[in-house]
Amino acid sequence: MSTYTIALLAGDGIGPEIMDEAVKILRLVESRNTVTFDLKPALFGASAYFETGKSFPEESVAICDQADAILKGTIGLNHEDSKTIPVDEQPERGALLPMRRRYDTYANFRPVYLPRSLAHFSPLKAEVIGDGIDLIIIRELVGGLYFGSKKSGVDDQGRRYVHEMLEYNEDQIRRVLEVAFQLASKRKKVLHNIHKSNVLKSSVLWNEIVEEVRPSYPDIEVKHVLVDAAATYLCLDPASFDVMVMENMFGDILSDQGGGILGSLGLMPSACVGPEKSYYEPSHGSAPDIAGQGIANPYSMIGSVAMMLEMSFGMESEARNLWRAMQSVFAAGYTTPDLARRGKSEKKISTAEFGDRVATELGKQPVDN
Ligand code: IPM
Ligand code: MG
């Protein structure tokens with residue numbers, strides 16, 4: 001019997017309600033397998049700030065430090081409410097980025113996955129979608145512009161200015177490329193390297209390291225694509241991609257575009273992998289406009305549980321079962337109101353009912369499948 005401690009950071013907005021569904025699934029997984037989950041809820045985000053004055057309070061840091069893995073919901077407030085929190089304690093700067101830095105979660109896996117049961121969500125035409133979309137973005141998550149040095153002030157002509165540095169050293173680049181090459185080895189053996197070396201020196205160094213890592217993976221075909229062109233191809237021919245690797249800001253932008261071609265960021269779970277600890281989260285925000293109504297889809301949250309089962313606990317077959325369970329709920333025509341597209345005759349159910357149906361479907365599947 002293995003026991004794993006999981007820190008639960010429900011966060012803000014729809015975070016707590018989709019986290020409830022994740023917990024429902026974890027309890028079911030526990031009952032079907034020889035595994036115990038010690039679940040440790042902790043405050044995180046704007047809600048933590050309002051309760052303690054810190055968006056990533058010390059008690060939460062301690063719980064995360066001791067956990068085997070971290071499951072995070074969503075954080076953030078709407079634009080107006082955000083202004084009630086000092087800039088440095090706003091949840092993105094005060095909680096999320098510090099957590100990424102603390103656990104050095106350098107490899108962010110963002111699957112852009114659209115099986116047939118989800119095809120109707122996509123805004124792309126059927127002929128573009130073809131047999132579905134199945135690609136994965138590997139985003140470097142703890143370097144580049146988001147973590148570089150920053151300076152702002154007034155120059156000698158009295159104009160306000162700002163400097164933000166896009167910083168990488170070769171070790172930071174190499175380790176995330178290794179992750180991407182390894183993933184490509186397990187999949188279709190094609191790696192799309194996304195860069196902007198016609199303008200950015202950071203991409204020139206990045207591409208040099210690609211050439212240095214490449215000989216260790218002789219069976220991987222590397223394709224270089226400029227980031228702006230990649231944005232176009234993602235819309236025109238998403239099936240041409242399998243594994244894509246890129247620096248932090250490129251990955252932030254293109255992964256949201258990935259959500260766009262699926263039809264919603266609500267269909268995007270993710271894993272943020274560090275040398276010792278990983279955390280798992282939906283790629284979307286806290287959707288304050290629909291919070292508390294029980295209409296948010298928990299797919300990206302439950303999908304993050306599936307990624308945690310596979311990547312942190314080695315429970316590949318149960319993770320596959322969970323994916324299948326979620327697909328079959330969609331395939332049966334159910335969806336939550338936030339995802340329902342006008343003109344479609346989907347059966348609209350609540351967040352909790354969606355979670356219940358996923359649990360029922362999971363319960364029907366043999367454990368070692
Ligand atoms: C994401 C988010 C974050 C990021 C924000 C909330 C800081 O957009 O995970 O993609 O920019 O990395
Ligand atoms: Mg983003």
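Counting starts at 1 for both ligands and their atoms, following the listed order. Values below: every heavy atom of this structure, side chains too, minus hydrogens, waters and symmetry copies.
Under a 4.0 Å N-O distance rule, the pair E178/R175 does not qualify as a salt bridge.
Checked by atom type and distance alone, the side chain of R27 pairs as donor or acceptor with a backbone atom of F37 at under 3.5 Å. No donor-acceptor pair under 3.5 Å is formed between the side chain of E346 and the backbone N or O of Y334. Formation of a donor-acceptor pair under 3.5 Å by the K277 side chain with backbone atoms of D65 is found in this model. Between the S286 side chain and the G76 main chain, a donor and an acceptor come within less than 3.5 Å of each other.
Between R100 and ligand 1 there is a heavy-atom distance shorter than 4.0 Å.
Heavy-atom contacts of E92 reach the following atoms of ligand 1: 6 (C), 7 (C) (cutoff under 4.0 Å). Residue contact check: Y146 has heavy atoms under 4.0 Å from atoms 11 (O) of ligand 1. The D252 neighbourhood of ligand 1 comprises atoms 1 (C), 4 (C), 8 (O), 10 (O), 11 (O), with distances under 4.0 Å to a heavy atom of that residue. Proximity to R139 (heavy-atom distance under 4.0 Å) selects the following atoms of ligand 1: 1 (C), 4 (C), 9 (O), 10 (O), 11 (O), 12 (O).
Of all protein heavy atoms, the one lying nearest to atom 1 (C) of ligand 1 is R110 NH2, 3.4 Å.
One of the N, O or S atoms belonging to D252 lies under 2.8 Å away from the Mg ion (ligand 2).
When non-hydrogen atoms are compared, ligand 1 lies under 4.0 Å from the side chain of L96 (C-beta onward) but not from its backbone.
Y299 and F330 have tilted rings, their planes meeting at an angle from 30° to 60° on a 0 to 90° scale.
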